[in-house]
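Just so it is clear: chains get the letters A, B, ... in the order the sequence lines come, proteins before strands, and each one is counted from 1. Atoms considered below: every heavy atom in the structure, side chains included; atoms not considered: hydrogens, waters and symmetry mates.
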2 protein chains.
Amino acid sequence: MTTKNPASGREELSHLIISFYEKISSWEHAVVRGTGLSPAQMHAIEIVGHHEQSLRMKELAEHLGVTTGSLTVMVGRLEQNGFLERRPHESDRRSLLVTLTGKGRKHFKKHHQYHLKLSEDVLAALEPAEQQHFIKALGLIVKRL
Amino acid sequence: MTTKNPASGREELSHLIISFYEKISSWEHAVVRGTGLSPAQMHAIEIVGHHEQSLRMKELAEHLGVTTGSLTVMVGRLEQNGFLERRPHESDRRSLLVTLTGKGRKHFKKHHQYHLKLSEDVLAALEPAEQQHFIKALGLIVKRL
DNA sequence: TCAAACATCTTGACAATCAAAACATCTCCG
DNA sequence: CGGAGATGTTTTGATTGTCAAGATGTTTGA
């Protein structure tokens with residue numbers, strides 16, 4: 001009855017997407033609590049950590065979806081607290097490169113482990129046969145969105 | 001090669017979850033732009049709209065995952081801008097019930113349509129045969145998380 | 001009845017964010 | 001080559017979202 005016709009599938013999916021989003025959001029909040037970092041700050045560290053080849057402020061701002069003005073204050077705080085540092089760009093004197101400090105890298109790695117744990121929990125909800133199916137489907141969706 | 005062993009599946013899924021989350025987040029931002037509402041405000045309206053049986057401030061705060069103190073200011077602004085109103089609880093004089101105004105309901109409905117459109121776009125990335133599969137899997141995941 | 005629990009609001013503080021403007025630097029066209 | 005326009009960053013001023021702690025009023029249960 002919930003999945004018989006296309007219209008109700010759409011409604012159902014809409015609710016599921018919202019619930020999923022909210023659960024991830026509060027999971028992130030919980031995981032980040034006690035690190036002294038906000039979710040937004042952790043997100044910045046994640047992006048820098050995943051790149052590992054110093055990004056410019058502009059690039060990081062784009063990845064985060066914020067203006068460079070917002071990023072200035074955020075990176076300023078993260079730098080003050082020793083999670084990352086700004087270094088001059090070798091060839092473009094307008095630009096600064098953002099990199100993780102040792103402390104920043106440590107937090108990044110730990111957080112990444114949490115994400116892997118989350119993925120495990122997600123997969124645990126599915127039959128082994130469904131797991132690759134789901135990953136593939138989500139891949140298609142992310143590519144399309 | 002990316003999906004052969006369980007470990008890399010976990011890594012892959014982790015990336016996909018992050019990407020999916022980010023895409024939903026920026027989609028929401030874009031959809032809300034120009035309504036005069038922030039994503040957080042729209043979210044509050046959505047929750048009230050979906051319930052439709054007036055919630056108390058406390059309940060709404062729990063659904064949103066914020067303290068009642070935070071909610072006071074948020075609802076205050078939404079009330080000032082005519083999206084919702086506070087009415088005294090019939091039997092508990094400590095409580096206030098939050099309901100949508102006509103204007104609030106109008107925005108709620110429009111936003112809900114956007115969500116349905118998003119769901120459609122998500123489904124469009126999959127073969128018809130996969131669609132119910134995906135909805136079911138996401139349902140299991142959300143239930144488990 | 002009255003103490004404890006509860007619902008809300010207020011206050012004070014800070015983080016996140018934007019837009020717009022100020023600077024410095026770079027690039028490219030004439 | 002030189003200057004105009006593009007680009008990258010920061011600053012400033014404003015708004016929103018958030019919390020914790022405390023104030024106020026209400027309800028509940030022993």
Side-chain angles (χ1 to χ4, degrees), chain A residues 22 25-26 28-30 32-48 51 54-99, chain B residues 22 25-26 28-48 54-99:
Chain A
E22 283 173 3
S25 178
S26 70
E28 181 78 19
H29 241 89
V32 138
R33 173 152 302 163
T35 60
L37 292 162
S38 68
Q41 289 175 328
M42 186 60 91
H43 196 195
I45 288 176
E46 269 186 285
I47 290 175
V48 178
H51 273 73
S54 320
L55 300 107
R56 300 146 124 209
M57 291 290 285
K58 187 70 187 307
E59 293 169 328
L60 181 51
E62 276 160 8
H63 281 286
L64 286 168
V66 301
T67 62
T68 57
S70 302
L71 191 60
T72 293
V73 359
M74 189 168 158
V75 167
R77 255 188 294 263
L78 286 170
E79 190 170 32
Q80 250 183 346
N81 293 323
F83 293 99
L84 42 79
E85 51 190 15
R86 275 181 259 228
R87 307 167 33 85
H89 190 288
E90 322 84 30
S91 61
D92 185 343
R93 279 190 294 178
R94 291 169 306 179
S95 278
L96 296 173
L97 296 177
V98 181
T99 57
Chain B
E22 284 174 3
S25 177
S26 70
E28 181 78 18
H29 241 89
V31 158
V32 138
R33 172 151 304 163
T35 60
L37 291 163
S38 68
Q41 290 175 328
M42 187 59 90
H43 195 196
I45 287 176
E46 269 186 286
I47 290 177
V48 178
S54 321
L55 299 106
R56 301 145 123 213
M57 290 290 284
K58 187 70 187 310
E59 294 170 327
L60 181 51
E62 275 160 9
H63 280 286
L64 286 169
V66 301
T67 63
T68 57
S70 301
L71 191 61
T72 294
V73 356
M74 189 167 159
V75 167
R77 255 188 294 263
L78 286 169
E79 191 171 32
Q80 250 184 348
N81 293 323
F83 293 100
L84 42 79
E85 51 191 13
R86 276 181 257 228
R87 306 168 33 86
H89 191 289
E90 322 84 31
S91 62
D92 184 343
R93 279 191 293 179
R94 292 170 305 179
S95 279
L96 296 173
L97 296 176
V98 182
T99 57

Item to check | Criterion side chain to side chain contact (heavy atoms under 4.5 Å, CB included) on Gln41(A) and Val32(A), from CA distance to verdict | outcome: CA-CA 10 Å; Gln41(A) 289 175 328; Val32(A) 138; over 6 Å; no
Item to check | Interface limits on DNA chain C, where chain B has a heavy atom under 4.0 Å of a nucleotide atom | outcome: dC6(C) to dT10(C)
Next on the checklist: Regarding His43(A) and Glu28(A), do their side chains bring together a donor and an acceptor under 3.5 Å, going by distance alone?
Outcome noted: no
Checklist outcome for this item: Counting primed atoms, P, OP1 and OP2 as sugar-phosphate and everything else as base, the B/S/- map of nucleotides 22-29 of chain D against protein heavy atoms under 4.0 Å is ---BBS--
Checklist entry - Looking at residues 28-41 of chain B, who's got a heavy atom less than 4.0 Å off DNA chain C? => result none
Checklist entry - Which of residues 55-81 of chain A sit near DNA chain D, with a heavy atom under 4.0 Å from it? => result Arg56(A), Met57(A), Lys58(A), Thr68(A), Gly69(A), Thr72(A)
Item to check | Interatomic distance, Ile45(A) atom CD1 to Thr35(A) atom OG1 [nearest 0.5 angstrom] | outcome: 8.0 Å
Next on the checklist: Do Pro88(B) and Arg93(B) have side chains that approach each other closer than 4.5 Å (heavy atoms only, starting at C-beta)?
Outcome noted: no
Next on the checklist: Are the side chains of Leu60(A) and His51(A) in contact, using a 4.5 Å heavy-atom criterion?
Outcome noted: no
Next on the checklist: At 10 degrees resolution, what angle do the end axes of the helix from dT1(C)-dA30(D) to dG30(C)-dC1(D) form when each is taken over five base pairs?
Outcome noted: 20°
Checklist entry - How long is the gap from NE2 on His89(B) to CE on Met57(B), to the nearest 0.5 Å? => result 13.5 Å
Item to check | Rounded distance [0.5 Å steps], CZ in Arg86(B) versus OG1 in Thr99(B) | outcome: 11.0 Å
Would you list the atom pairs, donor with acceptor, under 3.5 Å between side chains in residues 62-70 of chain A and any protein atom, with sequence neighbours excluded?
unit_1: Thr67(A); atom_1: OG1; unit_2: Ser70(A); atom_2: N; d: 3.2
unit_1: Thr67(A); atom_1: OG1; unit_2: Ser70(A); atom_2: OG; d: 3.0

Item to check | Straight-line distance of Ser54(B) OG to Leu84(B) CG, nearest 0.5 Å | outcome: 11.0 Å
Next on the checklist: If I take atom CZ from residue Arg87(A) and atom OG from residue Ser95(A), how far apart are they, to the nearest 0.5 angstrom?
Outcome noted: 14.0 Å
Checklist entry - To the nearest 0.5 Å, how far apart are CZ in Phe83(B) and CG in Leu37(B)? => result 4.0 Å
Checklist entry - Can you check side chain to side chain contact (heavy atoms under 4.5 Å, CB included) on Val31(B) and Met42(B), steps first, answer last? => result CA-CA 10 Å; Val31(B) 158; Met42(B) 187 59 90; over 6 Å; no
Item to check | Min side-chain heavy-atom separation Glu59(B)-Val98(B) under 4.5 Å | outcome: no
